[in-house]
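Beneath this line is the structure, given in structure tokens, with notes to follow.
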Amino acid sequence: MKILNHRFALIAGALLVFPALYFFTAAILNYEMGVDALWKPIDAIFENPANKRMGWNINLLILFGPILAFLLNFFSIVKIKWQNEKEQMHINFSIRKHWVNMFIAAVSVLVLASLFAYLVGENCK
């Protein structure tokens, strides 16, 4: 049973994970290394109090985008097959070799791990 087209998952996942990946890359370059070339285009969204409404929508995209990207790509590459019998239930997992989808899923996990590490590090000082 094919749940999700891997090409759709690839495109949608890349579009969902890109804003978070761009934000983290720009923030690290700007605040830790002093390179503000990537931060300047998004500075008005995150730093200007007049754009709080737009910033809230972007924050939701940064949080939930990688989660959705991971789920889309996970279900496009993992096939789950189960068979229910009288006394047993057989579950088989197989992974399709769609390497780019696996890469998008891995990038999504990396972005989510970075977000979690930032959350823990910032709030446990």
Side-chain angles (χ1 to χ4, degrees):
M1 180 170 87
K2 191 172 185 178
I3 296 176
L4 193 58
N5 184 350
H6 74 94
R7 288 187 185 108
F8 170 76
L10 172 67
I11 293 168
L15 290 174
L16 286 168
V17 80
F18 178 75
L21 185 62
Y22 184 89
F23 171 75
F24 283 123
T25 304
I28 289 171
L29 286 174
N30 185 42
Y31 293 115
E32 300 299 325
M33 298 179 187
V35 179
D36 64 348
L38 291 177
W39 187 258
K40 280 183 182 179
I42 62 173
D43 185 35
I45 295 171
F46 293 102
E47 304 264 337
N48 189 358
N51 290 329
K52 285 296 183 190
R53 214 170 122 170
M54 177 67 170
W56 179 248
N57 293 334
I58 294 296
N59 290 338
L60 289 176
L61 182 62
I62 288 171
L63 176 61
F64 292 113
I67 295 170
L68 290 173
F70 174 76
L71 290 174
L72 283 172
N73 284 284
F74 177 80
F75 286 115
S76 73
I77 59 175
V78 173
K79 182 180 178 183
I80 303 169
K81 182 180 176 184
W82 69 81
Q83 184 179 10
N84 195 6
E85 296 177 359
K86 198 172 199 177
E87 294 183 15
Q88 295 181 4
M89 186 165 124
H90 299 278
I91 300 175
N92 295 326
F93 294 96
S94 61
I95 298 175
R96 296 180 184 99
K97 291 183 182 178
H98 298 298
W99 297 108
V100 183
N101 291 82
M102 290 181 193
F103 176 73
I104 295 294
V107 168
S108 300
V109 169
L110 179 66
V111 168
L112 288 170
S114 301
L115 182 63
F116 180 74
Y118 172 75
L119 175 74
V120 170
E122 188 69 25
N123 291 315
C124 291
K125 284 185 177 181

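When a residue number appears, it is its place in the shown sequence, counting from 1.
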Checklist entry - Does one hydrophobic cluster hold both Leu21 and Leu63, with members joined at side-chain heavy-atom distances below 4.5 Å? => result yes
Checklist outcome for this item: Separation between CZ (Phe103) and CG (Leu110), nearest 0.5 Å, reads 9.0 Å
Next on the checklist: Are Ile62 and Tyr22 linked, directly or through intermediate hydrophobic residues, by side-chain heavy-atom contacts shorter than 4.5 Å (ILVMFWY only)?
Outcome noted: yes
Checklist entry - Between Leu29 and Thr25, is any pair of side-chain heavy atoms under 4.5 Å apart? => result yes
Checklist entry - Between Asn30 and Ala26, is there a donor-acceptor pair closer than 3.5 Å when you use the side chain of the first and the backbone of the second? => result no
Which atom pairs, donor and acceptor, lie under 3.5 Å between side-chain atoms of residues 8-18 and protein residues at least two apart or in another chain?
none

Next on the checklist: Does atom CD1 (Ile95) have a neighbourhood of more than 12 heavy atoms from anything else shown, all under 6.0 Å?
Outcome noted: no
Checklist outcome for this item: CG of Leu115 to CZ of Phe23, rounded to nearest 0.5 Å, is 9.0 Å
Next on the checklist: Is there a continuous path of hydrophobic side-chain contacts, each under 4.5 Å between heavy atoms, that joins Val109 to Phe93?
Outcome noted: yes
Item to check | Results of ring pair (Phe, Tyr, Trp, His ring centres under 6.0 Å) for Tyr31 - residues two or more places apart only | outcome: Trp39
Checklist entry - Between atom CG of Asn84 and atom CD1 of Ile91, what is the distance when rounded to the nearest 0.5 Å? => result 9.0 Å
Checklist entry - Roughly how far, to the nearest 0.5 Å, is CD of Gln83 from CD of Glu85? => result 5.0 Å
Item to check | Shortest non-hydrogen separation from Met102 to Arg96 and the atoms involved | outcome: CE-O, 3.2 Å
Next on the checklist: So which atom in Asn73 and which in Asn101 form the shortest heavy-atom distance, rounded to 0.1 Å?
Outcome noted: OD1-ND2, 2.7 Å
Next on the checklist: Quick check: closest heavy atoms across Ser76 and His6, and the distance to 0.1 Å?
Outcome noted: CB-CA, 3.9 Å
Checklist entry - In terms of hydrophobic clustering (I, L, V, M, F, W, Y; side-chain heavy atoms under 4.5 Å; direct or indirect links), are Leu71 and Leu60 co-clustered? => result yes
